Every structure is written in structure tokens, then in C-alpha cells.
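Before any comments, here is the structure.
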Amino acid sequence: MRLIAFLLSGTVLVAALIATPSAYAQNTSGVFSPTVDDGESSLQYRGGYDPDTDAHAHRLHYQRAISDDLRWRILAQGRKRNDQDFDFDYARAELMWQLNEDGAAWRHALRFELRVRDEDRPGDVTVHWTNHVKVTDHFSYRIIGGVSAEFGANTDDGLLLQTRARANWKTDAGPSVGVEMFNQYGSTADFADFEDQRHQIGPYTSFDIADNWSVFTGALFGVTDVASDTELRFWLERAL
């Protein structure tokens, strides 16, 4: 099954290379689980690449659980967009609060975020509500809703709304495959037309490569005009 996972990754890369020009920055976000395991800690690298514009983003984060229902994370991201130099993108602090027990078929949590940027770009405070539903031992799905308020320079009025979703199939041999979708709707003060919203969808696979090491790889394809036509995604995580 690991061979199948690698072949799926290759298929994603080939499909991405034949896409048309893109129009948006890289997405290094995830459709994250609500589960917090007491004592867990990990370090993760995430990369995103647009093959049409050669734009790319790179992110590092560290996270640690402080109880069986609370976990903090800090992260920083750099980016290169089109013909610009590679530079700092943002830094963020997060706190996850799991709201029910690990064994429940429906698990959910709140995640609170504070993000800061430079170059007169606004920071934001965000609250996400993430939900994970286990349908069978092999199939599960997640749905996330997020609300952000900006602060600082050049802010948007109102609240910024987004959703994320994932359908996941875990194989008997270990690797998981599935589809993710990301949706950004704009501000409650002035909802954007559909083509001016950012909607993306695409496949992924994730699997362990060694003790305490795991890989996630996939691609997102733009559904609307302002979304990048193609984004390649790669994550490498080390459990500590």
C-alpha cells in the first residue's frame, strides 16, 4: 500500500504540472483533527508550491499538549510570490481545546489563533470549530468552520468566514487517502461574488515512513478565478 500511496502522489504531481496559470498564494493549512493526546509533542515542516508561477511557501511549527484536552502550537511561515524575493509571511500562536472524549464517534474542538504579519498587512484573531466523525473503522470525515477578525493596518470590515472539509479512507496497510476542500467566503460586511471567493479541492495521501516520522502529500485545484489553479503540498512531521 505504500507503493500505491507513492503512485498516487506521483499522479497528483503530474496532474498539477498541466494546469493553467494561478492567481493566489500557497495554502499550507490543514483540515485538522480535534483530538488532543496528553503528553504529545511534534515538529512539522510544510511546503506549498505553484508550478505555474514558481511561487512557494515554507512553514515550521512546534506543538505540545499541556493536558488531555489542551494543546498549544507556535509557527512561522516564509514565502516567495511571483518575481518577489523570499521573505517573512507571518507568525502565529494557537491553542486547541478538545471538547469531548477521544473515543466518541463525533469529536469536536475549538482552536484559537493569533496571527501577525509585516509590510502593513493586517493581523487577525481566529476561532475554528473542528468536527471529526468516524463512520467506520476505515472511513471518517471532518468539517471545520472559522471566523476571523482583522486588526492593524489595512483591515477588512466585518468578520472573515471560511470552511474546510475532508473525507478520509484509511487502508488496512496503514496509508490514508482522501479529498480535502478549502473555502474562503470574504467578509460579512461585503460578501464577495462566488468567483471572487477562494475555493479549492484536491486529493491527498498520508503515511508513516519510519518510527515517529510521517509524510503528507497532495494537491489543491482552484474552483474559482481568484484561487490558484494548482498548488502542490508536502508535509514532513516528527513526533517527539
Side-chain angles (χ1 to χ4, degrees), residues 1-10 12-13 16 25-50 56-80 86-98 102 107 109-116 126 128 130 132 134 140 142 144 164 166 168-180 182 202-220 231-240:
M1 292 305 300
R2 290 189 179 184
L3 176 59
I4 292 174
F6 277 114
L7 289 175
L8 176 60
S9 303
V12 167
L13 295 177
Q26 289 67 54
N27 181 349
T28 58
S29 298
V31 186
F32 52 91
S33 168
T35 301
V36 175
D37 294 322
D38 192 15
E40 68 168 303
S41 63
S42 64
L43 182 67
Q44 188 180 87
Y45 161 80
R46 297 186 182 184
Y49 176 64
D50 185 332
H56 49 87
H58 304 272
R59 164 178 156 177
L60 286 174
H61 79 236
Y62 173 75
Q63 64 183 30
R64 176 179 287 274
I66 54 179
S67 70
D68 60 358
D69 56 11
L70 290 174
R71 181 180 67 224
W72 59 265
R73 175 192 287 175
I74 53 173
L75 62 93
Q77 178 166 300
R79 66 175 183 173
K80 179 185 182 300
F86 182 80
D87 60 8
F88 171 77
D89 188 8
Y90 65 82
R92 191 166 78 212
E94 304 172 356
L95 180 66
M96 173 86 81
W97 177 24
Q98 183 175 332
D102 291 351
R107 301 193 304 274
L110 294 174
R111 193 171 83 181
F112 307 92
E113 303 175 358
L114 173 64
R115 177 166 57 173
V116 294
T126 300
H128 289 289
T130 177
H132 178 100
K134 181 180 178 180
S140 63
R142 295 175 188 168
I144 300 174
R164 311 176 191 182
R166 163 191 277 196
N168 182 80
W169 180 265
K170 184 173 179 60
T171 67
D172 289 329
S176 295
V177 295
V179 176
E180 293 185 327
F182 294 82
Y204 71 88
T205 180
S206 62
F207 46 93
D208 296 333
I209 55 174
D211 288 344
N212 299 320
W213 288 92
S214 61
V215 164
F216 170 102
T217 183
L220 291 174
E231 293 183 23
L232 308 184
R233 289 149 57 83
F234 176 81
W235 306 351
L236 177 65
E237 182 170 17
R238 172 73 161 95
L240 302 174

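The basis for the numbers below is simple: all heavy atoms, side chains too, and nothing from hydrogens, waters or symmetry mates. Position 1 is the first residue of the sequence; numbering continues from there. Not measured: the values here are computed from a predicted model.
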Exercise: identify the closest heavy-atom pair between [X] and [Y]:
X	Y	answer
Ser214	Asp208	CB-OD1, 3.5 Å
Tyr49	Gln26	N-CG, 3.9 Å
Ala65	Val36	CB-CG1, 4.0 Å
Arg46	Thr28	NH1-O, 2.8 Å
Ala109	Met96	CB-SD, 3.6 Å

### Query
How far apart are the C-alpha atoms of Thr217 and Thr205, what are their side-chain angles, what is the distance that settles it, and do they pass the side chain to side chain contact (heavy atoms under 4.5 Å, CB included) test?
CA-CA 6 Å; Thr217 183; Thr205 180; 3.6 Å; yes
### Message
Run the side chain to side chain donor-acceptor pair (under 3.5 Å) test against His58 and tell me which residues pass, sequence neighbours left out.
### Response
Tyr45, His56
### Message
Test of understanding: with side chain to side chain donor-acceptor pair (under 3.5 Å), list the residues that count as partners of Arg73, not counting sequence neighbours.
### Response
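Listed in chain order: Gln63, Glu94.
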### Task
Mind checking side chain to side chain contact (heavy atoms under 4.5 Å, CB included) for Val179 and listing every partner two or more places apart, or none if nothing turns up?
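Side chain to side chain contact (heavy atoms under 4.5 Å, CB included) list for Val179, sorted by chain: Ile201.
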Are the side chains of [X] and [Y] in touch, meaning some heavy atoms are under 4.5 Å apart?
X	Y	value
Phe207	Val215	yes
Val177	Asn168	no
Leu240	Tyr62	yes
Asn212	Arg238	yes
Leu110	Leu95	no
Thr126	Phe112	no
Ser33	Arg142	yes
Tyr90	Val116	no

How long is the span from the [atom1] atom in [X] to the [atom2] atom in [Y], to the nearest 0.5 Å?
X	Y	atom1	atom2	value
Ile144	Thr130	CD1	OG1	3.5 Å
Ser42	Asp37	OG	CG	10.5 Å
Asp38	Ile66	CG	CD1	10.0 Å

### Message
Does this structure show an ion pair linking Arg111 with Glu113, if we count only N-O contacts that are shorter than 4.0 Å?
### Response
yes
Applying salt bridge (Lys or Arg N to Asp or Glu O under 4.0 Å), can you list everything that pairs with [X], at least two apart in sequence or on another chain?
X	value
Arg166	Glu180
Arg107	none
Glu237	none
Lys170	none

Using the test ring-ring contact (aromatic ring centres under 6.0 Å, His included), find all partners of [X] that sit at least two apart in sequence or belong to another chain.
X	answer
Trp213	none
Trp97	none
His128	Phe32
Phe88	none

### Message
Does Arg79 form a side chain to side chain donor-acceptor pair (under 3.5 Å) with Gln77? I'd like the steps, not just the answer.
### Response
CA-CA 7 Å; Arg79 66 175 183 173; Gln77 178 166 300; over 6 Å; no
### Query
Ring centres of Phe216 and Tyr204 under 6.0 Å apart?
yes
### Query
Hey, does the side chain of Thr171 reach the backbone of Ser176 with a donor-acceptor pair shorter than 3.5 angstrom?
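A pair under 3.5 Å: no.
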### Query
Is there a donor-acceptor pair closer than 3.5 Å between any side-chain N or O of Asn27 and the backbone N or O of Ser29?
yes
#### Entry: Listed once per pair and sorted, the salt bridge (Lys or Arg N to Asp or Glu O under 4.0 Å) pairs that draw on residues 57-71, sequence neighbours left out
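The answer is Glu40-Arg71.
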### Query
Do Thr35 and His132 pass the side chain to side chain contact (heavy atoms under 4.5 Å, CB included) test, and can you show the C-alpha distance, the side-chain angles, and the key distance before you say yes or no?
CA-CA 9 Å; Thr35 301; His132 178 100; 6.0 Å; no
